Every structure is written in C-alpha cells, then in structure tokens.
There are 2 protein chains.
Amino acid sequence: MDEARGLDAVVDGVFVALADPTRRKLLDLLAAQGEVTATTLADGLPVSRQAVVKHLTVLDAAGLVSGRRAGREVRYAVRPAALDATARWMATLAADWDRRLANVKRIAEATERDTP
Amino acid sequence: MDEARGLDAVVDGVFVALADPTRRKLLDLLAAQGEVTATTLADGLPVSRQAVVKHLTVLDAAGLVSGRRAGREVRYAVRPAALDATARWMATLAADWDRRLANVKRIAEATERDTP
DNA sequence: ATCAGGTGCAACTCCAGAGTTGCACATGGC
DNA sequence: GCCATGTGCAACTCTGGAGTTGCACCTGAT
C-alpha cells in the first residue's frame with residue numbers, strides 16, 4: 001500500500017503538481033514514451049537533468065509517476081490512479097456547486113417575489 | 001461569450017488557481033454561502049481583504065467565480081463550468097494513460113520473450 | 001582495472017506570487 | 001450634507017519554489 005493520506009491530501013498534491021507547465025510537459029513525454037530515465041527526459045526539455053529530477057520527485061509524491069531501478073538507471077512511468085481520483089473529485093464538486101447554485105437562485109427568486 | 005481561449009489555457013488557469021489552499025478555501029466558502037462580498041469572505045479567513053480580492057481576481061481569470069456589482073458592493077459566486085471542463089479533461093487523460101500503459105506493457109513483455 | 005554514462009547530494013541564485021499596509025474614491029443610509 | 005461601509009489602487013516585504021552548477025558516487029562495459 002502506498003496511500004495512507006486522505007483524499008484531500010492526494011488532491012492537493014495533484015493540483016500543486018499539475019500547476020507547473022514543465023511538470024505537465026514531463027507527464028506528456030512520459031505518457032508518450034512509456035518508461036524513460038530522467039536524463040532522457042531532460043534531453044527533450046529546455047531544463048537541466050537536476051530540474052527534471054526535482055519535478056519527478058514532486059510528481060512521485062503526488063502519486064502521478066513512479067520510478068524503478070533497472071541496473072544503473074531509474075526508469076519513470078506514469079500512474080493514472082491519482083489523476084483519475086482527482087478528476088472524479090472535481091466532477092463531484094462541480095455537480096455540488098450546480099446543486100447549490102440552483103438552490104440559491106430559487107430562494108433569491110422567492111425573496112424577490114416577496115419584496116419587489 | 002467569455003471563452004475565446006483554448007481548452008489548454010482554461011485547464012492551465014484552473015490548475016494554477018486550485019493549487020493554492022487559500023483559494024480552495026475561498027471556493028468552499030463561496031459554494032456554501034452563495035453570493036458573498038470580498039469583505040465578508042475575508043472575515044472567515046486569516047488573511048486581509050486585499051489578499052482575498054487578489055485571489056478572487058485569479059479565480060475569476062480561471063473562470064471559477066464571477067462577481068457582479070450590487071450597489072456599493074460586489075457579490076461573488078461560484079461557476080461550475082470551468083471546473084467541470086477540467087474534470088472531464090483529466091478523466092480523458094487518465095484513460096489515455098491507461099491505454100498507453102497497457103500497450104507498453106504488452107510490447108515490453110513481447111521483447112522480454114525474445115531476449116531472455 | 002579503467003572508463004563512460006547515469007544517478008544523488010548540496011549550495012547557490014533568482015523571481016513570481018502571497019500577503020501586507022496605507023490611502024483615495026464611491027455609494028447608501030441617516 | 002455627513003458619516004459609515006465597501007471597494008480600488010499602489011507600493012512594499014518576504015518566502016517558497018524553479019532552475020543552475022559542481023562534484024562525488026555507482027554500475028555496466030571493455
């Protein structure tokens with residue numbers, strides 16, 4: 001098991017991770033190439049390998065990627081679970097807002113009708 | 001109309017907006033209270049009104065909230081559309097990753113079988 | 001044994017943005 | 001007209017994070 005934190009913590013990590021454009025580009029590359037090393041990823045980006053490693057650490061903490069050693073190199077790959085969980089969380093939230101907005105609108109109209 | 005930008009720009013704005021905990025708290029309060037002023041919102045948070053106003057500007061740019069004047073005050077409310085769009089975008093992306101991972105795994109196993 | 005390519009660690013610079021304070025401007029109520 | 005309340009604008013501080021550089025440490029290959 002790897003998730004002892006609450007859903008809120010997961011969601012928070014994902015948002016922070018996805019807020020950076022370099023990290024999103026990194027996820028694009030990883031999704032396209034499968035299992036790649038940090039050095040290879042740095043070749044396709046305008047930043048140093050160290051910067052890539054730091055980003056991968058953030059993405060790993062967010063549960064969006066994971067790396068495994070293979071000899072002298074570490075291959076990283078994408079993990080859809082956290083992204084999917086956050087997507088569902090957001091969809092639920094959006095639906096909740098819709099519901100509340102409908103309520104507020106209804107009440108406002110009723111009040112408006114009483115005091116024109 | 002209010003959306004002349006691409007979907008990527010919308011998604012980017014939403015991620016940046018949601019990455020900040022104070023802004024998420026702000027959205028919570030807005031969703032709970034319906035239409036509120038910046039001053040009222042600041043009362044329920046450990047930050048100044050000016051900070052709240054800045055956050056509301058970011059949230060507005062992301063399409064997550066909108067404010068309308070009512071006399072001498074500006075009432076803000078939540079807008080589910082951008083959140084929902086981003087949620088769908090993420091869900092699609094997660095599904096895409098799943099698909100790619102299945103492919104990569106299949107190819108890797110085939111290669112492994114050829115060169116044991 | 002030696003070399004090359006990859007990783008890990010640490011110290012450093014730099015700037016965007018989160019937050020503050022202070023004041024000027026508008027608007028509704030009295 | 002006067003006051004209270006809310007908004008808008010500008011300048012300022014300060015911390016976190018993105019990025020860099022330099023070097024030491026492994027590991028696979030020859």
Side-chain angles (χ1 to χ4, degrees), chain A residues 9 11-30 33-77 111-112 115-116, chain B residues 9 11-30 33-77 111-112 115-116:
Chain A
V11 166
D12 179 271
V14 171
F15 283 149
V16 170
L18 293 181
D20 185 87
T22 302
R23 280 196 285 268
R24 288 202 300 274
K25 180 63 181 171
L26 225 34
L27 290 174
D28 275 351
L29 292 174
L30 277 174
Q33 306 182 18
E35 266 195 330
V36 205
T37 69
T39 303
T40 304
L41 286 169
D43 287 341
L45 286 174
V47 297
S48 70
R49 175 185 61 91
Q50 300 297 339
V52 170
V53 170
K54 283 190 187 179
H55 284 309
L56 287 172
T57 303
V58 175
L59 290 169
D60 182 41
L64 290 169
V65 308
S66 73
R68 40 175 281 268
R69 270 214 106 89
R72 70 178 157 189
E73 56 189 22
V74 180
R75 309 234 182 89
Y76 290 89
T111 307
E112 194 93 2
T115 65
Chain B
V11 166
D12 179 90
V14 171
F15 283 149
V16 170
L18 293 181
D20 186 89
T22 302
R23 280 196 285 269
R24 287 202 300 274
K25 180 63 181 172
L26 225 33
L27 289 174
D28 275 351
L29 292 175
L30 277 174
Q33 306 182 18
E35 266 195 329
V36 204
T37 70
T39 303
T40 304
L41 286 168
D43 287 340
L45 286 174
V47 297
S48 70
R49 174 185 61 92
Q50 301 296 341
V52 170
V53 171
K54 284 190 186 180
H55 283 309
L56 287 173
T57 303
V58 175
L59 290 170
D60 182 41
L64 290 169
V65 308
S66 73
R68 40 176 280 269
R69 271 215 104 90
R72 70 178 159 188
E73 56 189 23
V74 180
R75 309 232 181 90
Y76 290 89
T111 306
E112 195 92 4
T115 65

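Letters A, B, ... mirror the listed sequences (proteins, then strands); counts begin at 1. The figures that follow rest on heavy atoms only: side chains count, while hydrogens, waters and symmetry mates do not. Note that the structure is predicted; figures quoted are calculated from it, not measured.
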Please enumerate all residues that pass side-chain contact (heavy atoms from CB on, under 4.5 Å) together with [X], with sequence neighbours excluded.
X: A/Val74; answer: A/Arg69, A/Tyr76
X: A/Arg72; answer: none
X: A/Val47; answer: A/Leu45, A/Ala51, A/Val52
X: B/Glu73; answer: B/Thr37, B/Arg75

Taking atom [atom2] of [N] as reference, at what distance in whole Å does atom [atom1] of [X] sit?
X: B/Leu56; N: C/dG19; atom1: CG; atom2: C1'; value: 14 Å
X: A/Asp60; N: C/dG8; atom1: CG; atom2: C1'; value: 15 Å
X: B/Glu35; N: D/dG6; atom1: CD; atom2: C1'; value: 16 Å

Interatomic distance, B/Leu41 atom CG to B/Lys25 atom NZ [nearest 0.5 angstrom]:
11.0 Å
Show me the donor-acceptor pairs, under 3.5 Å and distance only, between side chains in residues 13-23 of chain B and residues at least two apart or in other chains.
unit_1  : atom_1 : unit_2  : atom_2 : d
B/Asp20 : OD2    : B/Thr22 : N      : 2.9
B/Asp20 : OD2    : B/Arg23 : N      : 3.1
B/Arg23 : NE     : B/Ala17 : O      : 2.8
B/Arg23 : NH1    : B/His55 : ND1    : 3.1
B/Arg23 : NH2    : B/Val16 : O      : 3.2

Sorted by number, residues from residues 40-48 of chain B placing a heavy atom under 4.0 Å from DNA chain C are B/Pro46, B/Val47, B/Ser48
Heavy atoms within less than 4.0 Å of DNA chain C: which residues of residues 16-28 of chain A have one? Give them sorted by number.
none
Does any non-hydrogen side-chain atom of A/Leu30 lie less than 4.5 Å from one of A/Leu56?
yes
B/Ala38 and B/Val53: which non-hydrogen atoms are nearest, and at how many Å?
CB-CG2, 3.9 Å
Bend angle of the helix from C/dG6-D/dC25 to C/dC30-D/dG1 from five-pair axes at both ends, rounded to 10°?
30°
So which nucleotide from D/dT7, C/dG19, D/dA18 ends up closest to the side chain of B/His55?
C/dG19
Just the table, please: protein N/O against nucleotides 23-29 of chain C N/O, every pair under 3.5 Å.
unit_1 : atom_1 : unit_2  : atom_2 : d
C/dT27 : O2     : B/Arg72 : NH1    : 3.2

Pairs where residues 40-57 of chain A contributes a residue and the test salt bridge (Lys or Arg N to Asp or Glu O under 4.0 Å) is met, not counting sequence neighbours
none
Can you list everything that forms a side chain to side chain donor-acceptor pair (under 3.5 Å) with A/Arg24? Sequence neighbours excluded, please.
B/Asp12
Distances under 3.5 Å only, N/O to N/O: pair up the protein atoms with those of nucleotides 12-16 of chain D.
none

